[in-house]
There are 2 protein chains.
Amino acid sequence: MKLNGTSIIGARRGQGIAQAGNSINPATNEELEPDYVSASDEELALAVQLASEAFQTFRSTSGKNKATLLRTIADRIEASLDHLVARMPLETGLPEMRVRGEAGRTCGQLRMFAAMLEEGSWVDARIDRAQPDREPLPKVDTRSMMRPLGPVAVFAASNFPLAFSTAGGDTASALAAGCPVIVKAHSSHSGTAEIVGLAIQQAVADCGLPEGVFSLLYGSGRTVGQALVTHPSIKAVGFTGSYAGGRALMDLAAARPEPIPVYAEMSAINPVVILAELAKSKGDTLAEGLFQSLTLGVGQFCTNPGLVFIQEDAAQHITGKLSELVSASASATMLNAGICQAYDQGLEHLNQHDRVELLASGSCGGALNQAVPSVFKTTASDFLAANDLAEEVFGPATLLVTYGDDQELEALMASLGGQLTASVHGTDDELRRLSSLCQWMEACAGRLVFNGFPTGVEVCASMVHGGPFPATSDGRSTSVGTMSIYRFTRAVCWQDCPDFLLPDELKESNPLGIVRAEV
Amino acid sequence: MKLNGTSIIGARRGQGIAQAGNSINPATNEELEPDYVSASDEELALAVQLASEAFQTFRSTSGKNKATLLRTIADRIEASLDHLVARMPLETGLPEMRVRGEAGRTCGQLRMFAAMLEEGSWVDARIDRAQPDREPLPKVDTRSMMRPLGPVAVFAASNFPLAFSTAGGDTASALAAGCPVIVKAHSSHSGTAEIVGLAIQQAVADCGLPEGVFSLLYGSGRTVGQALVTHPSIKAVGFTGSYAGGRALMDLAAARPEPIPVYAEMSAINPVVILAELAKSKGDTLAEGLFQSLTLGVGQFCTNPGLVFIQEDAAQHITGKLSELVSASASATMLNAGICQAYDQGLEHLNQHDRVELLASGSCGGALNQAVPSVFKTTASDFLAANDLAEEVFGPATLLVTYGDDQELEALMASLGGQLTASVHGTDDELRRLSSLCQWMEACAGRLVFNGFPTGVEVCASMVHGGPFPATSDGRSTSVGTMSIYRFTRAVCWQDCPDFLLPDELKESNPLGIVRAEV
């Protein structure tokens, strides 16, 4: 497949203005063809204009037709799978199996939203019929449902080139809501973005929808990204990345003449609590599970377990086996040189830290940009005394923190900022005894995991992949699962509207046959 | 009833530090007893600390017990009705009938949330059961529901001393969600606030709930208000008031180390479109309806129809009767001197405006702080050329704008910022012909009204009292109706949680018998 290195602007291709930088093979530091060029100001303005025009149609496109678009995108991505398998590993260091797995997840998400749109009840239709005889005043007829916000800017993630990028969860949920999408590609995997972007561009055309439903822009976050977020016609932002990047977009969006919502998934260390009795009886199994979770995807998941709280008398039941597994492990290639440098700095910081001890680390292979799995250890009092040990080290590293009693565990939990997940391992007896732990977990996280590890995020109706700040910009939202569509909607109410003007979802005869709350 | 003029801090009363200013009778400019004193920094900190402590219990208080609290508050407000009838008219210039009506609305809202809590399905429980045999990976059990955010700061409104103030919609919905509330009283009706605050304080005690579930603070927005919004333990803000005040709180909240949501209902001019045929056939009825809506509550409603777009050839069918009604109308006392001065300035601005003509105004009575009903007129081209004619004039004034054709109407609609409501009057034939008008209305407003006027906001499940910025800070929310509870909640997911640790709403046996989405 011939990639051409320019932005996708509706049905067109951009010319660009300046080098955006080639993708680089992280295993070799070689530059990959083609050269990618940044979108010009005019191209960005055109993409937004096309999106605004497309919104006039797309906002009223039926659920069935939006579902067809999402299914067509999924089909076209699957048809491009060989191209992705050829390109994505070169750009990301990720293996072919991951490309296939993540493509499956991406297409599965698109089809999940398609099925939800076809069923139709997601719009939360509410009908309160008129009561003309009510005293002292008659009651009007009011009907409400969820409607799309407008054009959405989506920032692709470095660590999920498919499932959280061009056709990832943000794009799928925004399109499902009826919002045109403009994606800002991540410079780490520009070619993967182009392959997926072309699949979407073609799907929009296949479905006869306005071209502005989708655009993909290349360029830096500081120029193209900021220009998108501050453009008056952009009505919401989806972002997955660093705290610094996410906070910068939040601040920009809040300072606009018309502030808009930013849904940024930023950073988390995902505490895992291991209670004593279970550690004593199942130490090896827990150590094995922790090791697998810690090193999955070279530790480059936002749900990576970066922090383990373990009762001090039981710690030995975990640490022996865990050290053995980590020592025997080999390094692997990280997504890009910047991420690897940050990981190495994080390791260096922990290695030099007065209050931290290196428990074990793996061996380093010969390729470039290698992440060496590493486990560190400290005590609760040291952790609480140092304010720098709760910072995320993005990669296959974790910090074990030993605590004495429940009170110290509570203090540890209370010290944490917002998290995507909080996990606990314990016997039923232990969990019954320490039931307040649930409250501590809920206070800090969006998803509470019991006798499991945080990696692996189910795509389903009850998933919450979100959590209090700074895990995300907005703890009221999720970026995974069907609830994520509500990030891009608002309720609108029709009062005494003639039936012929009501959306089908609210018509008296309920022509779509959806579930509605009716009085 | 003896009022003492100090803040209510949990079960206690404050001492205060400085005069917050007495309430003033707007009809006479007389100061009313007692003196009110501002909460000190320590008192504010104590109120927030008590709220944080109370949250640890209140977050897990059952729906049934929260409902009992809301019903007890309503009962105690009704028991204080004579005191409110004696006090509120003096502070606000509003008549006794309004006190009784607004108290009814306030108690009705509290009981509506109580009924919703007793029924219980509002938590949006979602259950995706485990599939241990799924290939290639087993599926975990995930269950989610809505949970409260934490302590909420509520700013009372000047124009609804009961329904949007101490025990108003923000307070009712936050308490229903399980969030402790700290109200910042409005200085215009401090006595009304104290009467209602004492009713809530007593209800919290009656129900055996932690005292910190509710506090009421006196003091200025700049000191007490800003200190509340920037306090790290406050997790959300409800506000009804001016654009300047709301935007200041938005900016403060966005700049916090941990940004929090601000739900501010700010300003709207609520466009009303009158199509030609209906104007010709029912001009007098429309003029009468417009006059009633315009002058209801001395025009001091956020849904007041401040702007009327009318086809130029049909305008005469409205203007004659409307001018007659307005000319025959008498002034009435506004809520306070500041609001009256702003109204007079707004009238003066329109009277002096080159592009605006005064069509009619009422007579001015002898009392102080009188609002004189007034109707102005301009053309679409003048309206579009002047960028100051779309500003809200809070009070019984409206601006008629005559337009030529549909294209000019579209330009008028497109020129507007976000609104709470948009209304249209037309025959069925006209509405069928101009169906794109619905789209223009939806683009700017949260509630679309057909052949009706925007004043009168039903409290029900399908109400949306919200709309795009700057009508509110967050067009994804409503401050009236059952959906308003979701401003103060976030979804939390339990993964593989033992049944004995799950909230009742998510237990396998569904002990509460609520509606759940289960797979």
Side-chain angles (χ1 to χ4, degrees), chain A residues 56 59-60 126-128 137 139-140 142-144 147 149 250-251 254-255 258-259 261 417-418 428 431-432 435 438-439 442 445-452 456 458 460-464 466 468-470 473-478 483 489-498 500-501 517 519, chain B residues 56 59-60 126-128 137 139-140 142-144 147 149 250-251 254-255 258-259 261 417-418 428 431-432 435 438-439 442 445-452 456 458 460-464 466 468-470 473-478 483 489-498 500-501 517 519:
Chain A
Q56 301 315 316
R59 66 193 298 168
S60 301
R126 294 161 179 245
I127 298 180
D128 292 292
L137 287 172
K139 192 203 158 299
V140 292
T142 53
R143 298 168 185 238
S144 70
R147 301 286 297 137
L149 291 183
M250 290 172 67
D251 291 345
E258 177 194 355
D428 275 8
L431 294 173
R432 275 183 209 277
S435 61
C438 283
Q439 192 152 318
E442 186 188 323
R447 178 164 55 104
L448 321 183
V449 181
F450 295 80
N451 289 314
E458 273 297 326
C460 61
S462 58
M463 179 46 57
V464 178
F469 184 89
S473 56
D474 183 344
R476 295 163 299 166
S477 68
T478 173
M483 272 188 278
T489 63
R490 63 184 175 103
V492 173
C493 174
W494 284 256
Q495 178 172 318
D496 281 343
C497 183
F500 61 85
L501 281 180
V519 180
Chain B
Q56 300 315 315
R59 66 193 298 168
S60 301
R126 296 162 177 244
I127 297 180
D128 293 291
L137 287 171
K139 191 202 159 299
V140 292
T142 53
R143 298 168 185 238
S144 70
R147 300 287 296 137
L149 291 183
M250 290 171 68
D251 291 344
E258 178 193 353
D428 274 7
L431 293 173
R432 273 183 211 279
S435 62
C438 283
Q439 193 151 319
E442 186 187 324
R447 178 164 55 105
L448 321 183
V449 180
F450 295 81
N451 289 314
E458 273 298 325
C460 61
S462 58
M463 179 46 58
V464 178
F469 184 90
S473 56
D474 183 345
R476 296 164 299 166
S477 68
T478 173
M483 272 188 278
T489 63
R490 64 184 173 102
V492 173
C493 173
W494 284 256
Q495 178 173 317
D496 282 343
C497 183
F500 60 86
L501 281 180
V519 180

(message) To check you understand the geometry: which heavy-atom pair defines the closest contact between Val464(B) and Ala491(A), and what is its length?
(response) CG1-O, 3.5 Å
(request) Give the minimum heavy-atom separation between Thr489(A) and Arg476(B), together with the two atoms involved. (result) O-CG, 3.4 Å
(message) For a quick test of reading the model, state the closest non-hydrogen atom pair linking Glu442(A) to Trp494(B) and the distance between them.
(response) OE1-CZ2, 3.9 Å
(message) Is any side-chain heavy atom of Leu448(A) closer than 4.5 Å to one of Val492(B)?
(response) yes
(request) Between chain A and each of Ile127(B), Leu431(B), Val519(B), count heavy-atom pairs under 4.5 Å; write down the option with the most. (result) Leu431(B)
(message) Using a 3.5 Å distance criterion without hydrogens, assess whether the side chain of Gln439(B) forms a donor-acceptor pair with backbone atoms of Gln56(A).
(response) yes
(message) Counting only non-hydrogen atoms closer than 4.5 Å, does Arg143(A) touch chain B with its backbone (N, CA, C, O), its side chain (CB onward), both, or neither?
(response) backbone
(request) Look at Ala517(A), Cys497(A), Gly456(A) and state which one has the largest set of heavy-atom pairs under 4.5 Å with chain B. (result) Cys497(A)
(request) Provide the closest heavy-atom pair for Ser144(B) versus Ser462(A) in the form atom of the first, atom of the second, distance. (result) CB-O, 3.2 Å
(message) Working to the nearest 0.5 angstrom, can you tell me the gap between Phe500(A) CZ and Asp428(B) CG?
(response) 4.0 Å
(message) Please classify the contact of Leu149(A) with chain B as side chain, backbone, both or neither, using a heavy-atom distance under 4.5 Å.
(response) side chain
(request) Tell me, for Asp474(A) versus chain B, whether the close heavy atoms (under 4.5 Å) come from the side chain, the backbone, both or neither. (result) side chain
(request) Would you mind reporting whether Ser435(B) and Leu501(A) have side-chain heavy atoms less than 4.5 Å apart? (result) yes
(request) Go through the atoms of Arg432(A) and report whether side chain, backbone, both or neither lie under 4.5 Å from a heavy atom of chain B. (result) both
(request) Over all heavy atoms of both residues, which pair between Asp128(A) and Cys460(B) is shortest? Give the atoms and the distance, please. (result) OD2-SG, 3.5 Å
(request) Identify which of Pro259(B), Ser60(B), Cys438(B), Ala445(B) forms the greatest number of heavy-atom pairs closer than 4.5 Å to chain A. (result) Pro259(B)
(request) With the side chain counted from C-beta on, respond yes when Pro468(B) and Arg490(A) share a heavy-atom pair under 4.5 Å apart, and no when they do not. (result) yes
(request) Output the distance between atom CZ (Arg126(B)) and atom CE (Met463(A)), rounded to the nearest 0.5 Å. (result) 12.0 Å
(request) Enter the distance from Cys493(B):SG to Glu458(A):CD here, rounded to the nearest 0.5 Å. (result) 10.0 Å
(message) Counting heavy-atom pairs under 4.5 Å with chain B, which one of Pro498(A), Gly418(A), Ala254(A), Gly446(A) comes out on top?
(response) Gly446(A)
(request) Can you tell which part of Met250(A) gets under 4.5 Å to a heavy atom of chain B, answering side chain, backbone, both or neither? (result) side chain
